[in-house]
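Just below is one structure, and these are the notes that go with it.
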Amino acid sequence: MKIEILGTGCAKCKLLAERAEEAARGIGANYTLVKVTEYPDIVARGVMTTPGLVVDGVVKSQGQVPTVAAIQALLQ
């Protein structure tokens with residue numbers, strides 16, 4: 001599974017990346033985490049508010065930092 005964190009590197013973006021990794025490890029997922037930091041690339045994915053969480057090309061959340069449990073539910 002490919003997990004993308006969309007954001008310019010703010011504190012919320014970093015927290016989302018940490019939580020996404022913890023969530024993926026927690027469910028034993030085979031994943032790749034990619035950080036997308038360029039604004040044109042973020043907007044091209046349809047995300048207008050960062051941070052954004054994209055899983056296998058599908059936007060799962062934007063503008064918030066879900067809990068680890070919530071991210072695990074999104075990954076399954």
Side-chain angles (χ1 to χ4, degrees):
M1 126 181 9
K2 181 178 180 181
I3 301 171
E4 296 175 278
I5 305 299
L6 311 182
T8 57
C10 67
K12 285 184 179 181
C13 300
K14 292 176 184 176
L15 180 59
L16 179 58
E18 291 170 11
R19 287 184 181 178
E21 282 195 285
E22 184 178 340
R25 284 193 310 266
I27 62 171
N30 183 15
Y31 71 95
T32 302
L33 185 101
V34 177
K35 295 179 182 177
V36 179
T37 59
E38 296 298 321
Y39 192 71
D41 296 331
I42 293 168
V43 173
R45 288 169 173 80
V47 172
M48 302 307 275
T49 309
T50 59
L53 175 66
V54 178
V55 179
D56 292 332
V58 178
V59 177
K60 296 292 187 171
S61 77
Q62 60 179 311
Q64 62 179 341
V65 182
T67 64
V68 172
I71 295 171
Q72 285 178 331
L74 294 172
L75 297 179
Q76 295 183 10

Note to self: Within this structure, what is the CD-NZ distance for the pair Gln64 and Lys12, rounded to the nearest 0.5 Å?
What the structure shows: 9.5 Å
Note to self: If hydrophobic clusters are built by linking Ile, Leu, Val, Met, Phe, Trp and Tyr wherever their side-chain heavy atoms come under 4.5 Å apart, do Val54 and Val34 end up in the same one?
What the structure shows: yes
Next item on the list: Answer yes or no: is there a side-chain heavy-atom contact under 4.5 Å between Thr50 and Leu16?
Entry: no
Next item on the list: Mind listing the closest non-hydrogen atom pair of Pro51 and Val65 along with its distance?
Entry: CG-CG2, 4.0 Å
Check: If you take all heavy atoms of Thr49 and Gln62, which pair is closest and at what distance?
Finding: O-CB, 3.4 Å
Note to self: Are Ile71 and Leu15 connected into the same hydrophobic cluster when the rule is that any two of I, L, V, M, F, W, Y join if their side-chain heavy atoms are below 4.5 Å apart?
What the structure shows: yes
Margin query: How long is the straight-line distance from CD of Gln76 back to CD1 of Ile27, given to the nearest 0.5 Å?
Written below: 5.0 Å
Notebook entry, point to check: Is there a path of hydrophobic side-chain contacts, each under 4.5 Å between heavy atoms of I, L, V, M, F, W or Y residues, that connects Leu53 with Tyr31?
Noted result: yes
Notebook entry, point to check: For the atom pair CD (Glu38) and OG1 (Thr8), what is the distance rounded to the nearest 0.5 Å?
Noted result: 10.0 Å
Checklist line | Atom of Val36, atom of Glu4 and distance for their closest heavy-atom approach | finding: CG2-OE2, 3.7 Å
Check: To the nearest 0.5 Å, how far apart are CD1 in Ile5 and CD in Glu21?
Finding: 8.5 Å
Note to self: With a 4.5 Å cut-off on side-chain heavy-atom distances among I, L, V, M, F, W and Y, is there a chain of contacts connecting Leu74 to Val47?
What the structure shows: no
Check: When you measure from the side chain of Arg19 to the backbone N and O of Pro66, does any donor-acceptor pair fall under 3.5 Å?
Finding: yes
